[in-house]
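Per chain, numbering begins at 1; letters A, B, ... match sequence-line order. Quick caveat: nothing in here was measured; it's all calculated off a predicted structure. Values reported hereafter were calculated over all heavy atoms of this structure, with side chains retained and with hydrogens, waters and symmetry mates removed.
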Protein chains: 2
Amino acid sequence: MRKQDSTNARNEASILRNCGMAYALNVIGGRWKPTILFSLLEGKMRYNELRKTIPGVSERMLVAQLRELEEHGLVRRNVFPEVPPRVEYELTELGHSTEPMLQCMSDWGNMHRKKEQVIAVQ
Amino acid sequence: MRKQDSTNARNEASILRNCGMAYALNVIGGRWKPTILFSLLEGKMRYNELRKTIPGVSERMLVAQLRELEEHGLVRRNVFPEVPPRVEYELTELGHSTEPMLQCMSDWGNMHRKKEQVIAVQ
DNA sequence: CAGAATCCAAAATGATACTG
DNA sequence: CAGTATCATTTTGGATTCTG
């Protein structure tokens, strides 16, 4: 087996290996989604309540990301027909299945950031 | 304790809870970094070899992301003084510490994508 | 080979004002 | 309250050419 062959085989293996990652990034990637999901792990929340847990997010972005999460089946949106309106967001079962992944990310961040720093998104 | 108080307390707790996440997103967030790191978990690689394991990445982006990962101390860049040049990238100890997090992401992706789909980045 | 430099297009994000 | 709509800005990405 020549060197070239083993290199190509390794590349193909890596590409395949990266599939799951690519899918995950597609669904929960981006600047806001992990934080949104992580907040919702605490339980259902109304729109403005959720927004307050995520410093720096704009209304536009929060709504857009919530819609994408809903499309991908991670988040359920409950609209109550009241005045003033009330909308609650909560994780679906699929949404809850991201917990280990999100917890890993959060743990890693807490482990490696300087203890004193309080990091806000961005 | 009024409702408002408990809501505020919950928000502050969530904001703090999100710090680690925010830090993690800052360091390994973005479209390419998780895939780059995940590929490098396989071992050190030369620039073009690494590029082949990540379909869709441009030279410009790959270099830029590698530089940022280097700045954050996750990746080491070894330049060999040869002609033609050889540059090898490998994870530092800090880089390796992302393995559980990356593995979680990849596992989640593999678990939930349709088994037949082969997902390329983007 | 491993990039740097340049130019441009497209997408993501932000700020603000407005509305059912 | 929970968004929309609009516009401005930033970031990201791609294509191409060039170089030690």
**Request:** Given salt bridge (Lys or Arg N to Asp or Glu O under 4.0 Å), test A:E59 with A:R51 step by step and report yes or no.
**Result:** CA-CA 8 Å; A:E59 300 184 351; A:R51 195 151 110 78; 3.8 Å; yes
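The closest side-chain heavy-atom distance from A:L37 to A:V75 is below 4.5 Å. Annotation: side chain of A:I54 is not in contact with side chain of A:M61 (no heavy-atom distance under 4.5 Å). Residues A:L91 and A:R76 are not in side-chain contact: their nearest non-hydrogen atoms beyond the backbone lie 4.5 Å or more apart.
Between B:W32 and D:dT11 there is no side-chain N or O to OP1 or OP2 distance below 4.0 Å.
Listed by residue number, the members of residues 66-77 of chain B with any heavy atom below 4.0 angstrom from DNA chain C are B:R67, B:R77. Contact check of residues 80-90 of chain B against DNA chain C (heavy atom, cut-off under 4.0 Å) returns B:P84, B:P85, B:V87, B:Y89. Remark: A:R46, A:Y47, A:N48 in residues 40-48 of chain A come within less than 4.0 Å of DNA chain D through at least one heavy atom.
The distance from atom CG of A:L62 to atom P of D:dC1 is 15 Å, rounded to the nearest whole Å. Protein atom CD of B:Q65 is 14 Å distant from nucleotide atom P of C:dA4, rounded to whole Å. Straight-line distance from the NZ atom of A:K52 to the C1' atom of D:dC1: 10 Å, rounded to whole Å. In this structure, A:R51 atom CZ and C:dT13 atom C1' are separated by 14 Å, rounded to whole Å. One can place CD of A:E49 at 9 Å from P of D:dA2, the figure rounded to the nearest angstrom. Note: CG (A:N78) to C1' (D:dG3) measures 16 Å, nearest angstrom.
Distance check: B:I28 CD1 to B:T98 OG1 gives 7.0 Å after rounding to the nearest 0.5 Å.
For the residue pair A:N18 / B:S39, a side-chain donor-acceptor distance below 3.5 Å is found, with atom types taken as modelled. Checking A:S97 against B:W108 by side-chain atom types alone, a donor-acceptor pair falls below 3.5 Å.
Sorted by first and then second residue, the side chain to side chain donor-acceptor pair (under 3.5 Å) pairs involving residues 81-90 of chain A (not counting sequence neighbours) are A:R77-A:Y89, A:N78-A:E90, A:E82-A:R86, A:R86-A:E88.
A pairwise comparison of heavy atoms in A:R31 and A:T35 identifies O-OG1, 4.4 Å as the closest pair. Closest approach of A:P100 and A:H96 over heavy atoms only: CD-O, 4.4 Å. Shown here for A:G30 and B:L25, the closest heavy-atom pair between the two residues is O-CD2, 4.5 Å. Across A:V27 and A:K33, no two heavy atoms sit closer than the pair O-CD, 3.4 Å. Closest of all the heavy-atom pairs between A:A24 and B:M105 is CB-O, 3.5 Å. Summarising the geometry of B:R46 relative to B:P85, their closest heavy-atom pair is NH2-O, 3.5 Å, with the distance given to 0.1 Å.
Clustering ILVMFWY residues whenever any of their side-chain heavy atoms sit less than 4.5 angstrom apart, transitively, puts B:F80 in a cluster other than the one holding B:L50. In this structure, B:V79 is not a member of the same hydrophobic cluster as B:V83, with clusters built from ILVMFWY side-chain heavy atoms closer than 4.5 Å.
Rounded to 10 degrees, the angle separating the terminal axes of the helix from C:dC1-D:dG20 to C:dG20-D:dC1 is 60°, with each axis obtained from five end pairs.
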Distances for protein N/O vs nucleotides 5-12 of chain C N/O pairs under 3.5 angstrom?
none

